[in-house]
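All of these numbers come straight from a predicted model, not from anything done at the bench. Chain identifiers are assigned alphabetically (A, B, ...) following the order of the sequence lines, protein sequences preceding nucleic acid strands; residue numbering begins at 1 within each chain.
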Protein chains: 2
Amino acid sequence: MRENPLQTIMNPESIVFLGGSNSLQTIGTAQLITLITGGYQGNIYPIHRREKTVLGLKAYPSVSSLDKPADLAIIVIPGKAIPGVLRECGEAGIHHAIVITAGYGETGQQGATLQQELLEIAQKYHIRFLGPNCIGIVNAPLGLNTTWFPNKYRAGHVGIISQSGSYVTQTLTYFEKLGLGLSQAISVGNQADIDMVDCLEYLGEDEQTRAIALYIEGIKRPAAFLQAARKITAHKPVVAVYVGGSEAGARACGSHTASMAGPDEIYRGFFHQAGILRADNIADLFDWSLALAQQPLPRGNKIAIVTNSGGPGSSMADEANHRGLKVPLLSPAVQDEIKAITPPTASALNPVDITMNYDVDLIYRKLPQLLLKQPDIDGLLFYGIFGTIHFQDKIAHVGGPASETLAFMKQTLEKACDEFVQWPEKLKKPILCACFSGREDNAVVQIQDGGIPVYPTPERAAGAMAALWEYAKIKNRKLP
Amino acid sequence: MRENPLQTIMNPESIVFLGGSNSLQTIGTAQLITLITGGYQGNIYPIHRREKTVLGLKAYPSVSSLDKPADLAIIVIPGKAIPGVLRECGEAGIHHAIVITAGYGETGQQGATLQQELLEIAQKYHIRFLGPNCIGIVNAPLGLNTTWFPNKYRAGHVGIISQSGSYVTQTLTYFEKLGLGLSQAISVGNQADIDMVDCLEYLGEDEQTRAIALYIEGIKRPAAFLQAARKITAHKPVVAVYVGGSEAGARACGSHTASMAGPDEIYRGFFHQAGILRADNIADLFDWSLALAQQPLPRGNKIAIVTNSGGPGSSMADEANHRGLKVPLLSPAVQDEIKAITPPTASALNPVDITMNYDVDLIYRKLPQLLLKQPDIDGLLFYGIFGTIHFQDKIAHVGGPASETLAFMKQTLEKACDEFVQWPEKLKKPILCACFSGREDNAVVQIQDGGIPVYPTPERAAGAMAALWEYAKIKNRKLP
């Protein structure tokens with residue numbers, strides 16, 4: 001089998017960088033700074049005609065002046081200089097490149113001709129390249145970030161392949177808030193050479209990647225894509241958002257990455273055949289990928305809900321039903337067990353609503369355990385996270401032995417959350433949470449970092465649980 | 001016309017508080033702390049049998065020991081003591097109350113009997129009350145917050161009526177991040193006396209409230225609700241989320257606020273007749289209310305999109321189309337005007353994609369103005385917010401006259417954003433933005449605080465724009 005070119009592009013031992021300088025006037029400089037400061041341990045060789053050093057690194061006047069060929073060339077120079085540089089790379093023995101520069105197929109016929117020229121040079125010199133018109137890559141375990149966005153990702157298990165650079169760069173702060181960790185992310189740009197199929201095959205094999213998120217404007221090689229996807233989705237979940245199905249979406253995609261979009265229905269059927277979950281929007285794409293990367297799959301669609309507030313519990317129940325999940329009435333015996341440990345105002349029907357109550361042992365330990373141990377409950381939706389941060393001002397106001405009280409509450413909560421995040425693995429059933437507070441809440445941080453997704457609204461948690469169930473069905477289906 | 005009881009409940013000059021103490025063991029204490037620290041200027045009289053002072057305020061042994069009747073009683077004591085206290089309030093001349101305590105109609109037949117008893121006492125003594133089983137109210141301009149959640153709301157123009165206390169308390173941090181400002185918020189609980197219709201009529205008249213968000217588990221007086229809503233929605237937008245339409249949703253609502261839920265289709269028709277926009281989830285409820293409260297309505301459904309990144313622009317275009325908006329191809333003349341001021345890699349078709357580019361004058365001033373001045377463009381979706389915060393680490397790394405550079409960039413950006421937020425009012429057309437960064441980005445803060453909503457994903461901005469158009473059609477419709 002031919003080696004996937006992304007093996008080297010995503011894991012280079014050395015990088016030659018074209019387009020960085022000591023001035024922030026060029027976008028390349030910003031990218032080179034991210035690369036230098038991100039923790040990447042390989043060698044970085046900036047090319048600069050005049051400067052001796054660039055951003056503190058020794059600079060080389062040209063690619064041909066390097067002592068030995070680098071694994072990867074990153075190219076952010078003006079388009080007219082690229083053909084020459086690509087030839088030079090080929091002659092210097094560099095066989096992998098990322099072309100960031102835009103102004104090719106996405107701009108019309110003239111750009112398409114230039115793009116074809118790049119491809120021909122690359123093929124002549126056996127260079128495989130990503131782009132043009134892309135933003136680069138992130139390989140989180142390596143600390144490798146070639147994009148120009150500040151290096152705020154966390155390492156994790158979601159892999160991203162995107163026809164938009166923004167969804168692997170400007171979304172990094174969004175991921176941070178959601179507690180979503182990346183394995184590797186690839187911006188494919190115009191896919192002149194390397195395309196989504198190569199990326200899919202590569203991430204399909206990557207052990208760190210447990211779920212793959214795709215942002216698609218149009219698929220270049222549908223047959224190969226389908227074949228690759230079917231093979232992967234039998235063991236690893238893939239979620240996709242497709243934006244080319246409407247008139248305006250198709251026009252936007254054409255001018256963005258020169259993609260040939262097709263009608264929504266065709267893509268819907270195509271994703272179904274491929275075993276790919278289709279998300280309707282970017283929020284769902286990342287929500288679902290996060291759950292799929294971190295939680296066990298449910299064996300069925302019967303979900304228990306635990307809440308300390310009726311409204312969010314009702315929202316979860318309603319959304320779960322709308323998305324094909326069941327929220328079954330609990331058996332009288334289980335209801336009795338619940339009633340024995342909950343306050344008189346509580347409801348034990350399912351949702352189990354303990355009402356306003358901060359018995360952390362009840363909500364984080366007893367109830368999840370009791371419910372997930374029932375053979376006819378396949379997963380748990382949870383609303384009731386409430387960190388001690390919210391008590392600080394109250395305690396300060398009351399005065400007295402305030403710091404001791406808070407320290408004790410904190411300790412109790414931390415212990416309970418610590419146990420809570422272990423239930424999914426111990427009991428082989430998924431838990432997904434919602435909380436209107438984000439990582440400013442210390443319990444949200446602990447639960448997210450412990451591996452259980454916490455979404456900003458109840459419906460988003462329910463939607464992600466439905467995605468787990470949808471993928472469980474895909475995984476179990478017999479392929480013809 | 002009889003005065004709406006909420007006039008006094010939402011604007012009391014004095015409050016008697018039953019259930020606060022000097023210990024955080026009771027939930028009432030936490031609520032009293034919020035009340036005291038929230039900025040409310042009226043008098044607060046805590047009732048306590050033994051203590052001389054409660055949380056630094058003079059305490060009274062009973063309601064009857066007050067010199068003169070308070071406007072409002074807030075009751076957070078155990079249920080069995082409430083009938084007696086309610087009688088005492090009546091005898092002391094207090095005619096308005098909020099009963100926070102739970103354990104009534106939502107817990108079954110016995111609770112329903114207790115609730116009926118409360119109602120009869122109240123009626124006998126001419127007391128109007130909110131609850132039981134509610135979390136209280138927020139009147140933002142007064143700094144009045146009777147809930148127990150830290151006082152983090154900002155004052156603004158969205159009014160909330162909710163059958164769940166969490167949606168007016170635990171959501172406060174969520175609102176903060178969205179830049180959503182509250183006018184008044186009411187948790188209605190079991191609606192034993194005051195119900196949603198009273199609240200709707202009250203907020204319909206409130207000048208500070210420019211859009212009303214409803215969280216509904218079931219409607220008690222459908223005919224009166226319909227009549228009130230139709231009157232209001234002819235001039236003020238109302239958005240509702242309804243969670244009782246599914247089997248599990250209905251069960252959850254029954255055990256939460258004793259609501260009688262009905263099938264989804266019936267509520268759908270009902271909302272349509274009432275001129276109420278139906279949101280499918282809590283995120284949409286607040287997203288749409290925010291846009292409706294702060295932006296002018298579009299006169300038609302033709303939207304321009306400005307972006308500095310193809311992916312988010314495509315996502316906006318696709319979602320806009322799916323939601324009934326048009327993203328028309330711009331005329332050749334307008335395209336030429338755009339091409340004259342944008343870089344060669346840009347697209348002028350609509351979305352107008354200026355590609356990666358930080359010409360703030362172009363993106364915040366020239367393009368929005370040019371597009372919104374076109375007679376056949378009714379509103380603008382915008383992706384391209386990028387604060388100077390993101391350049392700080394780059395500038396620090398480059399060294400040299402870093403602080404001057406940053407200061408100059410900041411100044412330029414602030415001036416551009418300042419002008420940007422004025423376009424909607426000047427040109428009488430709405431602008432809605434998306435940015436994956438939140439309020440950690442200085443430009444997001446400036447634009448949100450300047451009155452233009454900034455949503456966390458492109459689709460949410462497009463969805464809110466569609467809501468503006470839906471309400472514009474409702475407002476223009478001729479009612480029979």
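Residue with the most contacts toward chain B among A/Asp264, A/Leu325, A/Thr307: A/Asp264 (heavy-atom pairs, distance under 4.5 Å). In terms of heavy-atom pairs under 4.5 angstrom with chain B, the leader among A/Ser255, A/Pro456, A/Ser166 is A/Ser166. Looking only at heavy-atom pairs under 4.5 Å with chain A, the residue among B/Ala317, B/Ser164, B/Gly311 that has the most is B/Gly311. With chain B as partner, the option from A/Thr29, A/Asn350, A/Leu172 having the largest number of non-hydrogen pairs under 4.5 angstrom is A/Asn350. Highest contact tally toward chain B, considering only A/Thr171, A/Ile135, A/Asn133, is held by A/Thr171 [criterion: heavy-atom pairs under 4.5 Å]. In terms of heavy-atom pairs under 4.5 Å with chain A, the best-connected choice from B/Arg460, B/Gln392, B/Lys326, B/His322 is B/His322. Residue with the most contacts toward chain B among A/His390, A/Met316, A/Arg251: A/Arg251 (heavy-atom pairs, distance under 4.5 Å). Between chain A and the options B/Tyr242, B/Tyr104, B/Tyr174, heavy-atom pairs under 4.5 Å are most frequent for B/Tyr174. For the set B/Val243, B/Leu329, B/Asn308, B/Asn22, the entry with the most heavy-atom pairs within less than 4.5 Å of chain A is B/Val243. Ranking B/Asp353, B/Val241, B/Leu349 against chain A, the residue ahead of the rest is B/Leu349, based on heavy-atom pairs under 4.5 Å. Looking only at heavy-atom pairs under 4.5 Å with chain B, the residue among A/Gln163, A/Glu319, A/Glu247 that has the most is A/Glu247.
Listed here is the closest heavy atom pair of A/Ala248 and B/Val327: CB-CB, 3.6 Å. In terms of heavy atoms, A/Glu217 sits closest to B/Ser314 at OE2-OG, 3.4 Å. Closest approach of A/Ile33 and B/Val398 over heavy atoms only: CD1-CG2, 3.7 Å. Listed here is the closest heavy atom pair of B/Asn321 and A/Gly249: OD1-N, 4.4 Å.
Rounding to the nearest 0.5 Å places CD of B/Glu459 at 9.0 Å from CG of A/Asp280. If you take CG on B/Leu32 and NZ on A/Lys394, they are separated by 9.5 Å, rounding to the nearest 0.5 Å. Considering CZ of B/Phe286 and OG1 of A/Thr457, their distance stands at 10.5 Å, rounded to 0.5 Å. Here the straight-line distance linking atom CG of A/Leu24 with atom NE2 of B/His397 works out to 10.0 Å at 0.5 Å rounding. From B/Asp318, atom CG reaches atom OG of A/Ser246 across 3.5 Å, with rounding to the nearest 0.5 Å. Here the OG1-CG distance, from A/Thr34 to B/Asp393, works out to 7.0 Å after rounding to the nearest 0.5 Å.
Looking at B/Pro343, there are no atoms closer than 4.5 Å to chain A (heavy atoms on both sides), in backbone or side chain. Contact of A/Lys177 with chain B is made through the side chain alone, with heavy-atom distances under 4.5 Å. Heavy atoms closer than 4.5 Å to chain B are found in the side chain of A/Thr107, but not in its backbone. Only the side chain of B/Ile36 comes within contact range of chain A, with heavy atoms under 4.5 Å apart. With a 4.5 Å cut-off on non-hydrogen atoms, B/Thr345 touches chain A through its backbone and its side chain both. At a 4.5 Å heavy-atom cutoff, the contact between A/Leu55 and chain B is made by backbone and side-chain atoms alike. Proximity to chain B is limited to the side chain of A/Glu440, based on heavy atoms less than 4.5 angstrom apart.
Every residue was checked against the salt bridge (charged side-chain N to carboxylate O under 4.0 Å, His left out) condition with B/Glu106, not counting sequence neighbours, and none meets it. Applying the side chain to side chain donor-acceptor pair (under 3.5 Å) rule to B/Ser437 yields the partners A/Thr173; only residues at least two apart in sequence or on another chain are considered.
A parallel orientation is assigned to the rings of A/Phe391 and B/Trp148, their planes being inclined by less than 30° (bins at 30° and 60°).
In summary, the aromatic rings of B/Phe436 and A/Phe175 are positioned with their centroids too far apart to meet the 6.0 Å limit.
B/Tyr167 has its side chain within reach of A/Pro312: a pair of non-hydrogen atoms, C-beta onward, lies under 4.5 Å apart. Within the 4.5 Å cutoff, side-chain heavy atoms of A/Ile282 are placed close to those of B/Ser315.
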